[in-house]
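Each ligand, and each atom within it, is numbered from 1 in the order the structure gives.
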Amino acid sequence: MELFEVYPLYNVTPVKAKGVYVWDENDTKYLDFYGGHGVISIGHSHPDYVKSLSEQLTKIGFYSNSIVNPLQQELAHKLGKLSGCENYNLFLCNSGAEANENALKLASFETGKSRIISFDNAFHGRTSAAVAVTDNPSINAPINLQQKVTFLPLNDIELVIHEIGKGDVAAVIIEGIQGVGGLDEGTAEFFQEFQKECNENNILLILDEVQSGYGRSGKFFAFQYHNIQPDIITMAKGMGNGFPIGGVLIADKIKAKYGMLGTTFGGNHLACAAGISVLDVMEKEHLMQNVQEVYGYFLQEIKTVPKIKKVKGKGLMLGVEFDFEVGDLRKKLIFDQHIFTGGSNNKNLLRILPPLSAKKEHIDLFINALKEILG
Ligand SMILES: Cc1ncc(COP(=O)(O)O)c(C=O)c1O
């Protein structure tokens with residue numbers, strides 16, 4: 001059997017990883033400034049994480065959601081405390097798309113409506129409703145086009161108010177900071193204004209923090225820069241540092257009913273052990289503070305690199321925009337300088353998502369590599 005080839009690949013085969021580095025089968029060391037799509041939060045193979053998962057596996061790795069699993073409560077309590085979102089309830093699942101799928105379904109159940117407002121360049125996943133609210137027709141199959149979705153430009157509140165006025169909108173879904181789209185984001189004023197409109201019109205506000213959450217922006221969630229309180233918050237990537245786990249934070253006013261949501265694998269023992277370990281390390285190593293410090297240093301140092309048009313994003317969710325396409329630059333970074341970076345819908349933008357434990361010395365390596373390539 002061969003693989004169903006849906007990914008264009010870089011010809012690199014990582015076999016080992018530690019902290020912010022990965023090694024290939026020839027023992028070549030790479031600086032990981034992409035974290036496998038922003039997944040590596042506390043650093044590859046963190047010793048506390050390895051210990052916690054290994055120990056959990058020797059006890060019990062999995063049982064379904066028909067029994068009591070105290071690890072789920074422990075994860076919820078720790079998450080509430082560290083994120084400052086203690087007045088939400090947690091539903092556990094396995095990925096970002098699944099988190100958004102559940103969030104959209106919940107909003108539709110709760111409001112009795114079905115149209116969703118999403119934004120230009122949004123990415124929310126590849127499954128049914130999640131891909132329908134993703135602004136990319138090429139990854140939507142005919143079956144996905146049954147959903148009622150309206151895409152609007154970011155930061156145009158008048159258009160949002162106009163659509164909301166039609167009375168059939170169940171939810172507005174928006175990323176804290178756009179990831180795949182290219183690091184654009186709503187202004188605080190825009191977030192606050194449409195939250196007000198949502199509250200007044202029985203519409204739920206879903207914040208997709210799958211990529212921008214879990215400390216990546218320097219705050220636990222990127223929306224926390226804007227003084228708003230979403231009804232539903234979705235998360236995944238950094239949550240398990242590579243172990244597949246996703247979650248939906250649901251405002252207390254939304255009441256659970258048996259059967260409303262469900263999953264076989266979500267919230268299993270091993271996933272919870274991964275999630276708890278990530279939160280413990282984030283707290284112990286002050287990773288959100290580290291992100292803010294390293295971000296400040298990045299902003300200062302990136303000014304010394306030629307040919308840069310703009311820096312977008314926050315914390316360690318950053319986009320460096322040039323006035324040329326970055327495909328070749330990314331190849332030179334990976335094959336000549338041994339640094340992993342990412343791309344986005346904006347072909348002129350280099351996307352970097354290092355582990356939250358990256359230090360100033362790693363920023364120096366990245367900056368020096370850019371200077372060497374760009375002259
Ligand atoms: C903002 C956002 N939402 C949802 C997803 C989908 O997550 P997953 O690939 O875990 O389904 C992604 C993945 O890149 C994302 O960036």
* Taking atom types as modelled and ignoring hydrogens, do the side chains of D32 and H44 form a donor-acceptor contact shorter than 3.5 angstrom? -> yes
* **Protein contact to atom 16 (O) of ligand 1 [nearest heavy atom, distance to 0.1 Å]** => Q211 NE2, 2.8 Å
* Looking only at heavy atoms, is any part of K237 under 4.0 Å from ligand 1, and if so is it the side chain, the backbone, or both, or is it neither? -> side chain
* Who's the nearest protein heavy-atom neighbour of atom 10 (O) of ligand 1, and how far? -> G96 N, 2.8 Å
* Asked: Does ligand 1 have an atom under 4.0 Å from some heavy atom of H37?
  -> no
* Numbered atoms of ligand 1 (with element) below 4.0 Å of N100, judged on heavy atoms -> 3 (N), 4 (C)
* Side-chain heavy-atom pair R115, E163 within 4.5 angstrom cut-off -> yes
* Which bit of T234 is near ligand 1, meaning a heavy atom under 4.0 Å away: side chain, backbone, both or neither? -> neither
* Asked: Do H338 and Y21 have ring centres separated by under 6.0 Å?
  -> no
* Asked: Atom CG in L353, atom CZ in F340: separation rounded to 0.5 Å?
  -> 13.5 Å
* Examine the proximity of ligand 1 to A236 and report which part, side chain or backbone, both or neither, has a heavy atom under 4.0 Å away. => neither
* Return a yes/no value for D208: is any of its N or O atoms, backbone included, closer than 3.5 angstrom to an N or O of ligand 1? => yes
* Evaluate the ring planes of F194 and F190, with Trp represented by its six-membered ring, and classify them as parallel (under 30°), tilted (30 to 60°) or perpendicular (over 60°). => perpendicular
* Examine ligand 1 and decide if any of its atoms is less than 4.0 Å from a heavy atom belonging to G179. => no
* E175, portion touching ligand 1 at heavy-atom distance under 4.0 Å -> side chain
* Exercise check, heavy-atom protein proximity under 4.0 Å to atom 14 (O) of ligand 1 -> yes
* Under the 4.5 Å side-chain heavy-atom rule for ILVMFWY, direct or indirect, which residues accompany L145? -> none
* Tell me, please, whether Y225 has K219 positioned over its six-membered ring: NZ or CZ under 6.0 Å from the ring centre and within 45 degrees of its axis? => yes
* To do: For S95, take its heavy atoms, then give the atoms of ligand 1 lying under 4.0 Å from any of them.
  => 10 (O), 11 (O)
* **atom 11 (O) of ligand 1: the protein heavy-atom neighbour that sits closest, reported with distance to 0.1 Å** => A97 N, 2.8 Å
* Asked: Angle class for the F298/F366 ring planes (parallel below 30°, perpendicular above 60°, tilted otherwise)?
  -> parallel
* Identify, with sequence neighbours excluded, every residue that meets side-chain contact (heavy atoms from CB on, under 4.5 Å) alongside L299. => Y295, V311
* Go through ligand 1 atom by atom and flag the ones less than 4.0 Å from a non-hydrogen atom of V210. => 2 (C), 3 (N), 4 (C), 5 (C), 7 (O), 12 (C), 15 (C)
* **Ring center gap for F119 and F151 short of 6.0 angstrom** => no
* Mind checking whether V180 has an N or O less than 3.5 Å away from an N or O of ligand 1? -> no
